[in-house]
Engineer: 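Structure below; questions to follow.
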Amino acid sequence: MDLNSASTIVLQVLTQATSQDTAVLKPAEEQLKQWETQPGFYSVLLNIFTNHTLDVNVRWLAVLYFKNGIDRYWRRVAPHALSEEEKTTLRAGLIANFNEPVNQIATQISVLIAKVARVDCPRQWPELIPTLLESVKVQDDLRQHRALLTFYHVTKTLASKRLAADRKLFYDLASGIYSFACSLWNHHTDTFLQQACRGDEAAATNSLERTLLSLKVLRKLTVHGFVEPHRSAEVMGFLHAVFERLKQFLECSRSIRAENVCRDRLEKTIILFTKVLLDFLDQHPFSFTSLIQRSLEFAVSYVFTEAGEGVVFERFIVQCMNLIKMIVKNYAYKPSKYIEDSSPETLEAHKIKTAFFTYPTLMEICRRLVTHYFLLTEEELTMWEEDPEGFTVEETGGDSWKYSLRPCTEVLFIDIFHEYNQTLTPVLLEMVHSLQGTTNMEDTSAILIKDAVYNAVGLAAYELFDSVDFDQWFKNQLLAELQVSHNRYKPIRRRVIWLIGQWISVKFKSDLRPMLYEAIRNLLQDQDLVVRIETATTLKLTVDDFEFRTDQFLPYLESMFTLLFQLLQEVTECDTKMHVLHVLSCVNERVNVQIRPYVGCLVQYLPLLWKQSEEHNMLRCAILTTLIHLVQGLGADSKNLYPFLLPVIQLSTDVSQPPHVYLLEDGLELWLVTLENSPCLTPELLRIFQNMSALLELSSENLKNCFKIINAYIFLSSTEFLQMYAVDLCRSFCELLKDITTEGQVQALKVVENVLKVNPVLGPQMFQPLLPSVFKGIIDGERYPMLMSTYLGVMGRVLLQNTSFFSLLLNQMACELGQELDQILGSMIEMWVDRMDNITQPERRKLSALALLSLLPSLNGVIQDKFCGIIHVTLEGLYDVMTEDPETGTYKDCMLMSHFEEPKVTEDEEPPTEQDKRKKMVSFRSVNQL
């Protein structure tokens, strides 16, 4: 591509590619795609995006195409790779000038330079780093900033390489430029502090940006650039300097208004300082040992004393708490059970920790966490009143646990209490004892303190197991507090029911549960929505508990279910509806068929909720889970749900519908339980199977459930099902068996085996294309025992139940393999006898023995030659299935059933599904046939 002639054309096409008109846009994109592999194309793009007189959108697009080209064509081994000559020209052009005026384009250029550096630096691009080091020294503000931005992205990219040779190169680079990077950072930091003190806001903002970038560079060099960073005086000097700089920046923040643009960048820089310490601790815990004392003193001082008042902000407090937590929990700092097995570094770190965390320090941290950080804030209380559902979602933490203050304080409390529980247990118990009795309704502060203390007791439940008689506390105080209905006491009602939920699986007598159920029923009628939602959560924890007894819960089931349903209707937020649905599902699951009289209202409401949740796929997942448990609870009566249920299954398992990405897993589970509980096959239920072919093509982790669904159809109505779908199913299985794992092949062939068991006449004909591969697997001596066992199970069914078809198959294999029929038969019998021990299931061993015995009446010489082997494995199989009758002293086949019996079910067992009954009947027929 000639640069002079091509530039105009490429510029024109790029301009068209920025159009909003698809008729102009699409042809332009196609043309650019064709040019991607043309020599000289990227040189033209470089000329375009470095020409500052051109339209910004065109230049932006040119940068993006250049960056994408690096990913695809820069490496030597890539198809249509760029020539070395063009790459040399491009590298020189990229670092010729750091003067891009547009921030977004400058960032993209920095990123693409870093991408090239990842492949070429330093071997093919030795001049990159020296050029950057020189450019960051220039006086021109724009060039200096752009060079520093590029320096950061290059360092970040090189630091991310993980191969040993690349790590060595980065270590060499870090040791060579570390001193310069420190000087650069100190220069920009001092400049910023001086300008901030003078009140020069514009200059300070520019300097702060450079401070931030240079600190980002140092963070990568410090954390990833040294094998043993504690041996470098410069590295440790920088890390010690971080604490002093942090103090300076925190003091500086006092004088900068919250609405100031500089304030936001300042806080980001402060957070970056803490990230340097956290990353270094994470990557080099032993090198951090000399910083433990100072880190703890710094963090505790700012977070748990008056030193931080007026300067700390939420994200900084979170980072400091994370620093304390990482030191407290760090495995490298915990000595072994036997001291002599611990390294000197571990013992030294542990000694420093122990010296710092004295009783007064721990007591102050504990008290401060509980009585200051655990308190509900004015903002939270306002949110409780104005947006109760939003308040409950915020309280759960979600993905914000690492960065939100409340959950961070709770995690720190748990970690410190676990590590120093002998010291802190008396402190917490003393706080509890000081709060005995009902708190004055007018004293909001006292109510919030009690809420915080109870929160601490719930978080430390496992640690307090031996120190708190929770049963007595529940009877003597907590139960009474739940009965205080005053509106101002609602924080305590909510906290107490939450507290019980935390202790329910730790220490709570079974005899007290009826009292708890009574309290839960009352609280589900509480005037406050937050209290009701929290109560529903505790109910879920209670019914999920190992010691849950259905008989204790049944007297409360109707009222509980009704109240939960009312709560489900009342809440409006998607997250809250999901939560309440989950509680309903748990109740349904635990009481199973006992739920049948009470689900009418929920069954009528779910179609409406499904329709309303069209844009909320996660809520629909919760509805699917609820339907799964409903179907299991209703059993055969679930057929009445089919007008709603089957379209839901159809949508959820249709891979051509976008929602399937979210709904498929639960949809398949619902499909399966629907079939398992179906009393008969309806045309609508049969029609849904049209979705299966595409599902099998996915070959995903859902294959196991797909096979279970196919088996369920086979047991439900094999003839009707196979007449409609056998051809498609066989075709899908033939394709599937080529690609899936051995375990997957076993599962697929078990489906075929079930077809042969249920329908021995039609089955072999319908799955005829699959059987040659099974036959070949046997004579080839498949090495995986489970697969060989399944091969023999399939072939045993064919041989024993459809002899004529087996003869046809034998002739087919002889033709395909070009061998004599007797030779093929002999190979199969020999391998069958040899691999009989691969079969572990008694039924399948008996099947194989009978299948081989069925050959003996033949006068074929090959079969007669194998007589001894066949008799030997038959006797082994006989021993497996024969048991002595204690009444008569004779032996009988333990697998024979004289008559069909419904399985007996105890109170603790779930009743059999319709499919369990069908499988039992099939087994009865099959075993007695054998």
Side-chain angles (χ1 to χ4, degrees), residues 1 3 6-7 10-11 13-15 17-18 32 35-36 40-75 82 86-122 124-161 173 177 181 184 188 206 209-210 212-214 216-217 220:
M1 184 176 279
L3 293 187
S7 291
V10 173
L11 179 60
V13 174
L14 280 170
T15 305
T18 62
L32 289 168
W35 282 339
E36 281 181 359
F41 176 61
Y42 295 96
S43 298
V44 173
L45 291 178
L46 177 65
N47 288 341
I48 290 172
F49 70 70
T50 54
N51 185 346
H52 304 158
T53 63
L54 298 176
D55 180 70
V56 170
N57 293 325
V58 173
R59 294 174 56 227
W60 169 260
L61 197 58
V63 170
L64 293 185
Y65 270 94
F66 193 104
K67 189 173 72 170
N68 293 337
I70 293 171
D71 291 332
R72 294 171 187 161
Y73 310 115
W74 195 272
R75 294 184 183 275
L82 275 71
E86 184 172 5
K87 287 199 286 187
T88 301
T89 304
L90 292 173
R91 283 192 293 260
L94 286 171
I95 57 174
N97 290 295
F98 295 100
N99 59 352
E100 172 55 54
V102 180
N103 286 332
Q104 294 88 337
I105 295 178
T107 301
Q108 291 300 321
I109 293 173
S110 297
V111 170
L112 67 85
I113 290 173
K115 284 179 175 287
V116 174
R118 185 179 184 88
V119 180
D120 290 353
C121 185
Q124 284 79 39
W125 206 1
E127 64 273 16
L128 172 62
I129 300 298
T131 302
L132 289 173
L133 297 182
E134 287 301 315
S135 299
V136 297
K137 297 177 186 176
V138 299
Q139 297 302 309
D140 182 271
D141 281 352
L142 180 64
R143 288 188 61 200
Q144 185 188 71
H145 178 270
R146 300 317 191 214
L148 195 51
L149 180 66
T150 305
F151 188 26
Y152 160 62
H153 281 287
V154 169
T155 307
K156 177 183 176 182
T157 300
L158 296 180
S160 68
K161 299 178 78 173
L173 171 66
I177 67 172
L184 189 68
H188 289 305
N206 286 334
E209 178 67 23
R210 286 157 180 72
L212 189 60
L213 286 172
S214 57
K216 286 181 176 181
V217 171
K220 295 299 177 184

Engineer: In Å and rounded to the nearest 0.5 Å, what is the NZ to OG distance from K87 to S43?
Structural biologist: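 So the NZ of K87 and the OG of S43 are separated by 12.5 Å.
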Engineer: Dump the intermediate steps for side chain to side chain contact (heavy atoms under 4.5 Å, CB included) on K161 and R118, then the final yes or no.
Structural biologist: CA-CA 8 Å; K161 299 178 78 173; R118 185 179 184 88; 3.6 Å; yes
Engineer: I95 vs W125, test: side chain to side chain contact (heavy atoms under 4.5 Å, CB included). Steps then yes/no.
Structural biologist: CA-CA 11 Å; I95 57 174; W125 206 1; 3.7 Å; yes
Engineer: Considering all heavy atoms of both residues, which atom of C121 and which atom of L158 are nearest to each other, and what is their separation?
Structural biologist: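 So the two residues come closest at SG-CD1, 4.3 Å.
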Engineer: Check the side chains of R146 and S135 for a donor-acceptor pair under 3.5 angstrom, ignoring hydrogens and angles.
Structural biologist: no
Engineer: Within the structure provided, determine whether Q139 and Q144 are in side-chain contact (heavy-atom separation under 4.5 Å).
Structural biologist: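 Side-chain contact under 4.5 Å: no.
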Engineer: Please list all pairs passing the salt bridge (Lys or Arg N to Asp or Glu O under 4.0 Å) test where one or both residues lie in residues 100-115, with sequence neighbours left out.
Structural biologist: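 Those involving residues 100-115 are R59-E100, D71-K115.
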Engineer: Could you tell me which residues satisfy salt bridge (charged side-chain N to carboxylate O under 4.0 Å, His left out) with R210, sequence neighbours excluded, listed by chain and number?
Structural biologist: none
Engineer: For F98, which of I109, L148, L132, L142 qualifies under side-chain contact (heavy atoms from CB on, under 4.5 Å)?
Structural biologist: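 The single option meeting the side-chain contact (heavy atoms from CB on, under 4.5 Å) with F98 is L132.
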Engineer: Distance from Y42 atom OH to W74 atom CH2, nearest 0.5 Å?
Structural biologist: 10.5 Å
Engineer: If you measure from CG on L90 to CG on L82, what distance do you get to the nearest 0.5 Å?
Structural biologist: 6.5 Å
Engineer: Examine the side chains of D55 and W60 and answer whether a donor and an acceptor come within less than 3.5 Å of each other.
Structural biologist: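 Per modelled atom types, D55 and W60 side chains form no pair under 3.5 Å.
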Engineer: What is the distance from atom OG1 of T50 to atom CZ of F66, rounded to the nearest 0.5 Å?
Structural biologist: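 Here the rounded value is 9.5 Å.
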Engineer: Start with the C-alpha distance between W35 and V13, add both sets of side-chain angles, then the distance that settles side chain to side chain contact (heavy atoms under 4.5 Å, CB included), and finish with yes or no.
Structural biologist: CA-CA 11 Å; W35 282 339; V13 174; 3.5 Å; yes
Engineer: Return the minimal non-hydrogen interatomic distance between A17 and L61, and the atom names on each side.
Structural biologist: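 Nearest heavy atoms, A17 then L61: CB-CD2, 3.4 Å.
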Engineer: List in chain and number order the residues that pass side-chain hydrogen bond (donor to acceptor under 3.5 Å, both in side chains) with R143, two or more places apart in sequence or in another chain; answer none if no residue qualifies.
Structural biologist: none
Engineer: Quick check: do H188 and L212 have side-chain heavy atoms less than 4.5 Å from each other?
Structural biologist: no
Engineer: Partners of E86 by salt bridge (charged side-chain N to carboxylate O under 4.0 Å, His left out), sequence neighbours excluded?
Structural biologist: none
Engineer: Identify, with sequence neighbours excluded, every residue that meets salt bridge (charged side-chain N to carboxylate O under 4.0 Å, His left out) alongside R72.
Structural biologist: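 R72 satisfies salt bridge (charged side-chain N to carboxylate O under 4.0 Å, His left out) with E36 once adjacent residues are dropped.
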Engineer: Kindly write out the residues that satisfy salt bridge (charged side-chain N to carboxylate O under 4.0 Å, His left out) with K216, not counting sequence neighbours, or none if the list is empty.
Structural biologist: none
Engineer: If we only count heavy atoms from C-beta on, is the I113 to F151 side-chain gap below 4.5 Å?
Structural biologist: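 Counting from C-beta outward, I113 and F151 never come under 4.5 Å.
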Engineer: To the nearest 0.5 Å, tell me how far I48 CD1 sits from S7 OG.
Structural biologist: 6.0 Å
Engineer: Show the numbers, then the answer: is there a side chain to side chain contact (heavy atoms under 4.5 Å, CB included) between V136 and H145?
Structural biologist: CA-CA 7 Å; V136 297; H145 178 270; over 6 Å; no
Engineer: Is there a side-chain contact between V154 and I129 (heavy atoms, below 4.5 Å)?
Structural biologist: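 Of all side-chain heavy-atom pairs linking I129 with V154, at least one is under 4.5 Å.
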Engineer: Just verifying a value: how many Å separate L94 CG and R91 CZ, rounded to the nearest 0.5 Å?
Structural biologist: 9.5 Å
